[in-house]
Amino acid sequence: MADGNKASSATLTGRSFLALTGIDEVISFDDGMVTLDCGGTLLAVSGENLSIVKLSLENGEVSISGRIDAIVYTDDRQPKKGLFSRLFG
């Protein structure tokens, strides 16, 4: 696992394409939510008709297309709780 100081970036284009760098792992994904590990920080992308169009974990790159409604980062990594509990308390 990477340390919390790893550089990352997120570039959103027109709410329909998100290019991410600094990604260590895809934790889960479906057409409504993609959850990623970004150097020990969780990154949740929610929306509709989401798909991962590029995945290169060797380079730490992930690209997501679809209607993107929210991008949420959280430092809380407690696997016993559900995703919404981790994101919102």
Would you compute the distance between atom CG of Leu50 and atom CZ of Phe29 and round it to the nearest 0.5 angstrom? 11.0 Å
Can you check side chain to side chain contact (heavy atoms under 4.5 Å, CB included) on Glu61 and Leu55, steps first, answer last? CA-CA 6 Å; Glu61 299 173 348; Leu55 176 61; over 6 Å; no
Separation between CD1 (Ile52) and OG (Ser63), nearest 0.5 Å, reads 9.5 Å
Working to the nearest 0.5 angstrom, can you tell me the gap between Ser46 OG and Asp30 CG? 10.5 Å
Kindly work out whether a path of hydrophobic side-chain contacts (I/L/V/M/F/W/Y, heavy atoms less than 4.5 Å apart) joins Leu18 to Val26. yes
Where the side chain of Asp37 meets the backbone of Glu25, is there a donor-acceptor pair that is under 3.5 Å apart? no
Please report the shortest heavy-atom distance between Cys38 and Asp24, naming the atom on each side. C-OD2, 4.1 Å
So if I apply the side chain to side chain contact (heavy atoms under 4.5 Å, CB included) rule between Leu36 and each of Leu20, Ile27, Thr41, which one comes out positive? Leu20
Is there side-chain contact between Leu43 and Thr35, with at least one heavy-atom pair below 4.5 Å? no
Partner of Phe17 under side chain to side chain contact (heavy atoms under 4.5 Å, CB included), picked from Ile68, Val53, Thr11, is Val53
Residue set satisfying side chain to side chain contact (heavy atoms under 4.5 Å, CB included) with Ser16, at least two apart, ordered chain then number -> none
Sidechain-backbone polar pair: Arg67 side chain, Glu48 backbone, donor-acceptor under 3.5 Å: no
Using side chain to side chain donor-acceptor pair (under 3.5 Å), reason through Ser8 and Thr21 one step at a time and then give a plain yes or no. CA-CA 5 Å; Ser8 64; Thr21 63; over 6 Å; no
